[in-house]
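Sharing a structure below in structure tokens format, with a few things to ask.
Order of the sequence lines sets the chain letters (A, B, ...), proteins ahead of strands, with each chain counted from 1.
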2 protein chains.
Amino acid sequence: MSVRTVSNVAAGSDLVAAATRERVQRVIDELGYRPNAAARHLRGGRSGLIGLVLPELSSPYFAELADHVVRAAADRGRMVLVQQTDGEAEQERRLLTGVRGQSVDGVLMSPWGLSPADLRAEPGSSPVVLLGEQDAEGLLDHVTVDGEAAAREATQHLLAAGRTSIVAVGDQPHLGNGTAERRAAGYRAAMTAAGLEPRTVAVRRLHRSDGADAVRALLERPQRPDAVFCFSDQLALGALRAAMTAGLRVPDDLAVVGFDDVEDGRYATPALTTVAPDKAAIAEAALELLTSRIESPERPPQRVLAPYLLRVRESSAAATPPDSQPTSRPGTRKPRKVTSRRGTNPSRA
Amino acid sequence: MSVRTVSNVAAGSDLVAAATRERVQRVIDELGYRPNAAARHLRGGRSGLIGLVLPELSSPYFAELADHVVRAAADRGRMVLVQQTDGEAEQERRLLTGVRGQSVDGVLMSPWGLSPADLRAEPGSSPVVLLGEQDAEGLLDHVTVDGEAAAREATQHLLAAGRTSIVAVGDQPHLGNGTAERRAAGYRAAMTAAGLEPRTVAVRRLHRSDGADAVRALLERPQRPDAVFCFSDQLALGALRAAMTAGLRVPDDLAVVGFDDVEDGRYATPALTTVAPDKAAIAEAALELLTSRIESPERPPQRVLAPYLLRVRESSAAATPPDSQPTSRPGTRKPRKVTSRRGTNPSRA
DNA sequence: ACGTGGCATTGCCACGTTGCAAACTGCAGT
DNA sequence: ACTGCAGTTTGCAACGTGGCAATGCCACGT
């Protein structure tokens, strides 16, 4: 009964006679023996952990995304180490270098402060997959929705509902990640195509208070908009609040559309129309990319486009009365799942 | 230049001459050398990781709590491994045994399905600190707010505002964790003291839809309440939604009070009155307990009571018009921070 | 000049696992 | 009976770190 044989049984190797296996297994169960993760990690170089680096967990969108990521990781026998950056470039840099190659086999990162090029330049060798709408083509693996198309679609929806003075809220010129740029571009495209003047408002962060402040400021100006398209649900919920407080009726006086489809929006009054990225698909794709890269580090970087959906709810309805129950009826269905050069899916034991 | 000396420099030992240290450090920086976490873990038996086991990350309360936990852990040089149980006893058991003694130095757990006694009975030896309102006295370390007092206070607030038919929503007789029982007890105490008949409604989960369903059902009954006290903000937000949909005015026709103080509630319309546990304090205390137990595993289990605050906002105002801006003015201030036998705080390098 | 003590450096080993290759087993073929 | 083979089992080594103890070095006191 050598150590080696026990190891073979524990690791599920097939180089063990059935009788031996059973005998060893019985003892294992009896003693409650569990193979030591640290030793395995040291020996094999794999920890079974992945890092999830997010701006902040308390933001509902990231919380929901993290939920999906943890589940997707668990499905693959991996556990998730969560880190927060507050969206600060310095933290992102520090965490990426710090966690990398350390206790983690790979990192899923949603950068705000750093651009893909910055990230690419960081030292360290462990796999990284980006989440979000940066342009990382050819630099790093990357999962995203087509923010530009989504924004265009959301704007077109408002136009189709008869709105003419639509303001986009949520530009973030101080950040390097390109998310806001994409959405702003889509918005502008739709506006210009309709012969209308685009008008964007910048915010520092994407919190409710920023959305509330922005809308409050908008309402004080002479030229009141009849719709706002916010680049996050948090902004939109703040906008809702500001509009209601100012005595406006939503959607009659002001239509509001968000982006993210967080649960709050479904239960807001009125329920929030929003662009709904398929978070489960994002998490799945991200884990697939990450595990595939862990297996084959030299494969060229890939981009995966995750599907999204425009969920039309009360906050942008043209003139219909709010329905009695907030559901998640699909609005304009458009599951554009485009997978460019999706890697093979190596089998797992 | 032996391996040993480099190890001493990297580990910050003081058994190194200043000149040597500097020379080694330079090379370390140059090569980007980072001490290997797996080897340290194997050798020292400490991974620097702690597990955070929660029902679900997508629930705003847990997301906010997780945010604080990750920060508090980072302050102590630790990282956090997040696991989800969906509140299921089996998952809680599996995760507790599975993660324990593996890659993690200790576990912070918010149990729903298992009672403290169940948890105590689980095999495995790594430290566990409970988060939540179970009765774990003498069994396990434990951080909680006084849910009974908080519920009493919330109910008294409604009574003081002139409400007489107050229903408590959120009893969960099928769960073993005692949270709902505590809050229900506080509620009943206040009602009985006021000479009123307590009336509680059970829900299966604590989501918005459950709160909405419960209130919808309540409104169909002959005896309409003039206030609901929900055992979570999610329930309360669902209740708000159901009330508005039914054409009721909140707070005029129905006052709503929640529990948790999640960010959504502050920006709901009307803004939600709620019991606000000090989540940062909870996270701090939990990490303090956990690190102290990691240092001295034999110390007797402690309980730490974290402070809470009743934040009175619009959803329960007596007759005043809603204020123009949702703020977090403290309501009844009552920072009852009671620390029973709080352990010493061992210094950290 | 020599002994002594204190600080700095080094070597050895073990932590628990697994890749590799050697050793061993029983059995069939010659 | 001996060889060869396939199927099992075992021994050795190494992953990188840090506790321990031995060694090396230098300055000071006598």
| After noting the C-alpha distance and the side-chain angles of A:Arg94 and A:Glu90, does the key distance pass the salt bridge (charged side-chain N to carboxylate O under 4.0 Å, His left out) rule? | CA-CA 6 Å; A:Arg94 198 175 53 73; A:Glu90 201 36 59; over 6 Å; no

| field | Minimum heavy-atom distance A:Arg299-A:Asp141, with the two atoms named | value | NH1-OD1, 3.1 Å

| So, B:Thr5 versus B:Asn8: side-chain donor-acceptor pair below 3.5 Å or not? |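 No.
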
List every contact pair, protein side and nucleotides 22-25 of chain C side both N or O, where the distance is under 3.5 Å.
none

| query | Which pairs, with at least one residue in residues 2-19 of chain A and sequence neighbours excluded, count as a salt bridge (Lys or Arg N to Asp or Glu O under 4.0 Å)? | reply |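 Found none.
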
| Of the non-hydrogen atoms in B:Ser110 and B:Pro55, which two are nearest, and what is the gap between them? | O-CD, 3.5 Å

| task | Scan residues 37-50 of chain B for pairs that pass salt bridge (Lys or Arg N to Asp or Glu O under 4.0 Å), counting only residues two or more places apart or in two chains. | result |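 Every pair satisfying salt bridge (Lys or Arg N to Asp or Glu O under 4.0 Å) with a residue in residues 37-50 of chain B: there are none.
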
| query | Considering all heavy atoms of both residues, which atom of B:Lys279 and which atom of B:Leu65 are nearest to each other, and what is their separation? | reply | O-CD1, 4.1 Å

| task | Anything below 3.5 Å on both distances counts as a pair; with that, list the stems of at least three consecutive Watson-Crick or G-U pairs involving DNA chain D. | result | C:1-30 with D:1-30

| task | Kindly indicate, with the supporting measurements, whether the criterion salt bridge (charged side-chain N to carboxylate O under 4.0 Å, His left out) is fulfilled by A:Glu30 and A:Arg26. | result | CA-CA 6 Å; A:Glu30 204 168 305; A:Arg26 187 159 29 236; 5.9 Å; no

Sort me out a list of protein N/O and nucleotides 14-17 of chain D N/O pairs below 3.5 Å, or just none if empty.
unit_1 : atom_1 : unit_2  : atom_2 : d
D:dT17 : OP1    : B:Tyr33 : OH     : 2.4
D:dT17 : OP1    : B:Asn36 : N      : 2.9
D:dT17 : OP2    : B:Tyr33 : OH     : 3.2

| said: Looking only at side-chain N and O atoms, does A:Gln134 offer a donor or acceptor that is under 3.5 Å from a partner on A:His142? | reply: yes

| Is there a donor in the side chain of A:Glu56 and an acceptor in the side chain of A:Ser59, or the other way round, less than 3.5 Å apart? |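 Checked: A:Glu56/A:Ser59 side chains pair up, N/O donor to acceptor below 3.5 Å.
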
Find every protein N or O atom lying less than 3.5 Å from an N or O atom of nucleotides 7-10 of chain D, and list the pairs.
unit_1 : atom_1 : unit_2  : atom_2 : d
D:dT9  : OP1    : A:Thr20 : OG1    : 2.3
D:dT9  : OP2    : A:Ala17 : N      : 3.1
D:dT10 : OP1    : A:Met1  : N      : 3.0
D:dT10 : OP2    : A:Ser2  : N      : 3.1
D:dT10 : OP2    : A:Ser2  : OG     : 3.4
D:dT10 : OP2    : A:Thr5  : OG1    : 2.9

| Just checking, any donor-acceptor pair under 3.5 angstrom between side chains of A:Arg303 and A:Thr144? |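 Side chains of A:Arg303 and A:Thr144: no pair found under 3.5 Å.
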
| Donor on one side chain, acceptor on other, B:Asp67 and A:Gln84, under 3.5 Å | yes

